[in-house]
Amino acid sequence: MMQMYFTTISAFLLSLIGISTNRTHLMSVLLCMESMTLTLFLSMAAYSINNTNTTPITIIMITMGACEASTGLTLVTITTQKNTNDYVKNLNLLKC
């Protein structure tokens, strides 16, 4: 059980390090965020094996992860069509 906790924490931290170092392309940031979501889902699913009260939380979490992925892909396609690349530095919320 301790090995599973170490694995999930290290996977989450590697994703966090990936977000902080690979901020060039929007797609790489979204993939790191998706791996963070999946790591949280796996840890909640492993926790819900022993505790049956947390089963709806894992279903809600995977639903939110799917919504996050679809929103991210929409942002990538709109940014790529508008700017012809997916650089994070081209994203400016104040510019219309």
| note | So ring pair (Phe, Tyr, Trp, His ring centres under 6.0 Å) across residues 54-74, not counting sequence neighbours, yields none
| field | Reported CE-to-CG distance for the pair Met61 and Leu40, which is rounded to 0.5 angstrom | value | 5.5 Å
| query | Which heavy atom of Thr74 sits nearest a heavy atom of Thr77, and at what distance? | reply | O-OG1, 2.8 Å
| How long is the span from the CE atom in Met36 to the CZ atom in Phe12, to the nearest 0.5 Å? | 3.5 Å
| note | Residues passing the side-chain contact (heavy atoms from CB on, under 4.5 Å) test with Ile57, sequence neighbours excluded, are Met44, Thr54
| message | Suppose clustering is done on Ile, Leu, Val, Met, Phe, Trp and Tyr with side-chain heavy atoms closer than 4.5 Å. Which residues sit in the same group as Ile60? | response | Met64
| request: Give, for atom CE of Met33 and atom CG of Leu16, the distance between the pair rounded to the nearest 0.5 Å. | output: 11.0 Å
| query | How would you list, by chain and number, every residue that makes a side-chain contact (heavy atoms from CB on, under 4.5 Å) with Leu73, sequence neighbours excluded? | reply | Met27
| field | Non-hydrogen atoms of Ala11 and Thr39 that approach each other most closely | value | CB-OG1, 3.9 Å
| query | Which pairs pass side-chain hydrogen bond (donor to acceptor under 3.5 Å, both in side chains) with one or both residues in residues 13-25, sequence neighbours excluded? | reply | Ser15-Ser35, His25-Asp86
| query | Does the Thr79 side chain pair with the main chain of Val76, one donor and one acceptor, at a distance under 3.5 Å? | reply | no
| remark: Value for OG1 (Thr80) from CG (Leu75), rounded to nearest 0.5 Å, stands at 10.0 Å
| task | Determine the minimum heavy-atom distance between Ile19 and Cys32, stating which atoms define it. | result | CG1-CB, 3.3 Å
| Does the side chain of Leu38 come within less than 4.5 Å of Ile62's, by heavy atoms? | yes
| said: If the condition is side-chain contact (heavy atoms from CB on, under 4.5 Å), which residues does Leu42 pass it with, not counting sequence neighbours? | reply: none
